[in-house]
Asker: 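Take a look at the following structure, please.
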Amino acid sequence: MTSEGDLVHDLWLGVVDRDGVHQAVGILDALSEAHAIRRLELPVHTMLPVVLRQLLLPVVIDALGPPRSRQEWGERFHRGCFSPAERERLADYLGPRYGSRFCLFDAELPFAQVAGLQALNGETKTAAQLVPSVASGNNVPLFSALSEADELLLTPGDAVLWLLHAHCWDTASIKTGAVGDPQAKSGKTTGNPTGPLGQLGVIVPTGRTLYETLLLNTPITPDGLEPGDRPQWAWDERPAHLGCASPAGAAWSERPATGLLDLLTFQARRARLITCETEQGPRVHRAIVSAGDRLAQTPESEPHTAWQHTAKPKKGQPHRRPRRLASGRAAWQGLGTLLAMTLPVEGDGPYTSLLLRQIGDLRGCGVLSGHYPLGLETSALEYGTQSAVVENAIGDDLPLPVQALLAEDTELRQIVLECVAQADQSGRALDGLNNDLRRASGGDPLPRDRGSRPSAQFLHSLDGTMRRLLTGLRSVDVDDEELLDRAQLAWEQSVQIAADREAGLLLAAVPPRAVVGRTVKKGDKEFVYRSGKAIGVFRKTLADILPRAAEERRSKYEETAGV
């Protein structure tokens, strides 16, 4: 990169083209050739929504305007690439109009930073504070290869990625007090929330190319953008009456997002990258990260999260709150939330993301094919100790049948959800078997929050099978009942095999005394626990959970027996 870090033209953003070739491009080439790029090549799973939200989507939406109807969205989508006229507008946007705002090390307006930002104590910190997987301050990952005393040198490309990552995902720890921040006290700022994405379970729909992914993540806005809604690099064009603090200054404010562009590029931190010269060129080795704007409330226009709907919220609380992802669970285990296409009629419950509802609508009106190979990428961070440290990163990708997103057509969705429920119920049956075998052996069941449960290994073993099922269902005609029945039978048989395998391992591990078992008295009642009885109860429960597989097995037995 050049000494100014030209993000528009320099080769810094990793991509994989449709031939599988890895290369680096600038923002302009990434957009101009988006139809030829299969996906972005990024350091960590949580980086995809960062690059889409903080860079690519707002550039496209601001330069070309959002689609105002399903028809307009469909015309763009089926074209498969930006038109020559759109490419010219993108080039103008990233050239004469705003190109100078995308220089990472510009002396006056460095991208996503505050020029000349200084800490009240005059100190700077290592660049490791931008990277959650590297030890810095209170954030000390168990397997970090570096300590805080080690110098971390970031290339300009890596530096901008981690800078934007901090705007989206930074911890809620105490921040360095900045010169010019009237709210800094005793050299620091407290009460900081995490970055906006840290409060969500992020869901990003993906397509066959970067171009399609951009459109799948673009909300249809019939009335266009909100008046005065500008991305962070055009902050000076925001009307003064909106009361937005300039992200180019040290001062910050707590406020709602003024619109889609502001929400996508929200500057949750005030930061400055500090470089040193090396034989390989400029490297970022120090940084200042201080308090930034605080999002007053996640708006319901937030496109990248599912919601928890509460029918009767407490006073002052909204009906919908962002729904976070659960640690230790594959994305397909949360399909009940992803496929919740309508608000709960009564009571509380999940409600899927705005973008997935939009994709369902596009399928419903024929704009999007029912066989389209839709993918989803989910990501989240788990924080600990008052959200001041990162404890875990969650990331997964998933094939998803578009037909299951139709709000008015529940057949395929019910099939998918039934398969997910069968896996979950079978896992619980295995855990019940494990508890009964422990009792029969003279022990006690595992406490709820301790120990390794057989269901975890069982569900992990089904992961590939579920993904193959979902991939196959993307191309199945929903009217082909015979094929759908065969798919469900094959799924149940796979679950049966996996559950029997895990049950066999559990049974083989118990001591001989489990055959005789023991009697446990609870109140006035006595319960007998034996290994034989436990496995019998398990098999009956599994037959109830997997009726097709049980019926198929019964039919084969009768056929073999000549009944």
Side-chain angles (χ1 to χ4, degrees), residues 1-17 22-34 36-37 40-43 47-48 50-64 82 86-117 127 130 153-168 210 214 230-237 247-248 261 264-265 267 269-288:
M1 295 184 68
T2 65
S3 59
E4 291 187 352
D6 182 359
L7 303 180
V8 174
H9 300 101
D10 291 338
L11 309 181
W12 66 276
L13 181 60
V15 300
V16 179
D17 66 21
H22 297 245
Q23 56 183 305
V25 297
I27 301 174
L28 183 58
D29 284 344
L31 295 177
S32 299
E33 301 300 320
I37 295 173
L40 299 176
E41 183 77 359
L42 299 167
M47 199 72 83
L48 175 62
V50 169
V51 174
L52 288 178
R53 292 169 65 99
Q54 289 276 337
L55 271 177
L56 303 184
L57 279 172
V59 168
V60 172
I61 293 171
D62 200 24
L64 308 181
F82 292 113
E86 288 175 334
R87 291 190 193 185
E88 287 183 8
R89 290 162 66 184
L90 287 169
D92 177 72
Y93 188 92
L94 293 169
R97 191 172 174 191
Y98 294 115
S100 61
R101 305 287 179 97
F102 290 86
C103 292
L104 191 61
F105 305 132
D106 185 75
E108 296 182 359
L109 291 173
F111 180 76
Q113 300 165 75
V114 177
L117 184 69
L130 299 171
L153 298 177
L154 297 176
T155 66
D158 286 339
V160 70
L161 288 175
W162 288 115
L163 169 66
L164 296 178
H165 194 274
H167 279 300
C168 294
L210 177 58
L214 289 169
R230 308 300 300 130
Q232 61 91 358
W233 51 81
W235 58 267
D236 52 337
E237 298 175 7
L261 297 177
L264 295 176
T265 63
Q267 298 292 278
R269 298 293 179 262
R270 300 291 188 258
R272 175 188 164 206
L273 303 179
I274 301 169
T275 62
C276 64
E277 287 296 330
T278 70
E279 293 180 357
Q280 292 76 35
R283 293 291 185 269
V284 173
H285 71 127
R286 309 289 292 178
I288 299 173

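Because only heavy atoms are used, hydrogens play no part in the values below, and waters and symmetry mates are left out as well, while side chains stay in.
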Asker: His22 and side-chain contact (heavy atoms from CB on, under 4.5 Å): which partner among Asp17, Val15, Val16?
Answerer: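 Between His22 and the candidates, side-chain contact (heavy atoms from CB on, under 4.5 Å) is satisfied uniquely by Val16.
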Asker: Report yes or no: does Gln267 contribute a side-chain atom to a donor-acceptor pair with the main-chain N or O of Thr265 at less than 3.5 Å?
Answerer: yes
Asker: Taking all heavy atoms of Trp235 and all of Pro247, pick out the closest pair and write down the distance.
Answerer: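 Trp235 and Pro247 have their closest heavy atoms at CB-CD, 3.5 Å.
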Asker: Between Ala91 and Leu28, which heavy-atom pair has the shortest distance, and what is it?
Answerer: CA-CD1, 3.9 Å
Asker: With heavy-atom distances below 4.5 Å as the criterion, would you say the side chains of Leu40 and Leu56 are in contact?
Answerer: yes
Asker: Would you indicate whether the side-chain heavy atoms of Val8 and Phe111 approach each other to under 4.5 Å?
Answerer: no
Asker: For residues Pro156 and Arg283, determine if any side-chain heavy atom of one lies less than 4.5 Å from a side-chain heavy atom of the other.
Answerer: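 A side-chain contact under 4.5 Å exists here.
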Asker: Less than 4.5 Å apart, any side-chain heavy atom of Leu264 and any of Ile61?
Answerer: yes
Asker: Between atom CG of Leu273 and atom CG of Leu117, what is the distance when rounded to the nearest 0.5 Å?
Answerer: 10.5 Å
Asker: Check the pair Leu13, Leu42 against side-chain contact (heavy atoms from CB on, under 4.5 Å), reporting the backbone distance first and the verdict last.
Answerer: CA-CA 8 Å; Leu13 181 60; Leu42 299 167; 4.0 Å; yes
Asker: Hey, could you give me the CD/CZ distance between Gln113 and Arg269, rounded to the nearest 0.5 Å?
Answerer: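 Between Gln113 CD and Arg269 CZ, I get 15.0 Å after rounding to 0.5 Å.
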Asker: Would you compute the distance between atom CZ of Arg53 and atom SG of Cys168 and round it to the nearest 0.5 angstrom?
Answerer: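 Answer rounded to 0.5 Å: 6.5 Å.
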Asker: Give a yes or no on whether Glu108 atom CD has more than 12 heavy-atom contacts from other residues, nucleotides or ligands under 6.0 Å away.
Answerer: no
Asker: Report yes or no: does His167 contribute a side-chain atom to a donor-acceptor pair with the main-chain N or O of Ala112 at less than 3.5 Å?
Answerer: yes
Asker: For Leu163 and Ala271, which heavy atoms make the closest approach, and how far apart are they?
Answerer: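 Leu163 and Ala271 have their closest heavy atoms at CD1-CB, 3.7 Å.
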Asker: For side-chain contact (heavy atoms from CB on, under 4.5 Å), just list the numbers for Val114 and Arg272, CA-CA rounded to whole Å, side-chain angles, deciding distance to a tenth of an Å, and then say yes or no.
Answerer: CA-CA 6 Å; Val114 177; Arg272 175 188 164 206; 5.7 Å; no
Asker: Taking the side chain from Glu41 and the backbone from Gln23, do they hold a donor-acceptor pair closer than 3.5 Å?
Answerer: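 Not at all, since once roles are kept as given, no pair shorter than 3.5 Å links the two residues.
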Asker: Take Asp62 and Arg230, measure what salt bridge (Lys or Arg N to Asp or Glu O under 4.0 Å) needs, and give me the verdict at the end.
Answerer: CA-CA 8 Å; Asp62 200 24; Arg230 308 300 300 130; 2.8 Å; yes
Asker: Would you compute the distance between atom CG of Asp6 and atom CZ of Phe105 and round it to the nearest 0.5 angstrom?
Answerer: 11.5 Å
Asker: Between Leu130 and Ala287, which heavy-atom pair has the shortest distance, and what is it?
Answerer: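 Minimum heavy-atom separation between Leu130 and Ala287: CD1-CB, 4.3 Å.
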Asker: Under the side-chain contact (heavy atoms from CB on, under 4.5 Å) criterion, do Asp158 and Trp12 qualify, and how do the steps go?
Answerer: CA-CA 8 Å; Asp158 286 339; Trp12 66 276; over 6 Å; no
Asker: Name all residues meeting the side-chain hydrogen bond (donor to acceptor under 3.5 Å, both in side chains) criterion together with Arg286; count only those two or more places apart in sequence or in a different chain, and write none if there are none.
Answerer: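 Scan of Arg286 (side-chain hydrogen bond (donor to acceptor under 3.5 Å, both in side chains), adjacent residues dropped) gives Thr124.
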Asker: I want to check something: taking the side chain as every heavy atom from C-beta on, are Leu90 and Val59 in contact at a cut-off of under 4.5 Å?
Answerer: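 Contact flag for Leu90/Val59 side chains = yes.
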Asker: Could you tell me the separation between the CG atom of Asp29 and the CG atom of Leu11, rounded to the nearest 0.5 Å?
Answerer: 7.5 Å
Asker: How close do Ala34 and Phe82 get, heavy atom to heavy atom, and via which atoms?
Answerer: CB-CE1, 4.2 Å
Asker: If every non-hydrogen atom of Leu161 is compared with every non-hydrogen atom of Pro43, which pair is closest and at what distance?
Answerer: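 Closest approach of Leu161 to Pro43: CD1-CD, 3.9 Å.
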Asker: Out of curiosity, Ile288 CD1 to Arg270 CZ, how far, rounded to the nearest 0.5 Å?
Answerer: 14.0 Å
Asker: Can you find a heavy atom in the side chain of Asp236 that is under 4.5 Å from one in the side chain of Arg101?
Answerer: yes
Asker: Checking side-chain contact (heavy atoms from CB on, under 4.5 Å) for the pair Leu214/Leu52: CA distance, chi angles, key distance, verdict?
Answerer: CA-CA 8 Å; Leu214 289 169; Leu52 288 178; 3.9 Å; yes
Asker: So do the side chains of Phe102 and His9 get within less than 4.5 Å of each other, counting heavy atoms only?
Answerer: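 No; the side chains remain at least 4.5 Å from each other.
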Asker: Within the side chain of Glu86, is there an N or O that forms a donor-acceptor pair under 3.5 Å with the backbone of Leu64?
Answerer: no
Asker: How about Leu31 and Leu94: do any of their side-chain heavy atoms sit closer than 4.5 Å?
Answerer: yes
Asker: Angle class for the Trp233/Tyr93 ring planes (parallel below 30°, perpendicular above 60°, tilted otherwise)?
Answerer: perpendicular
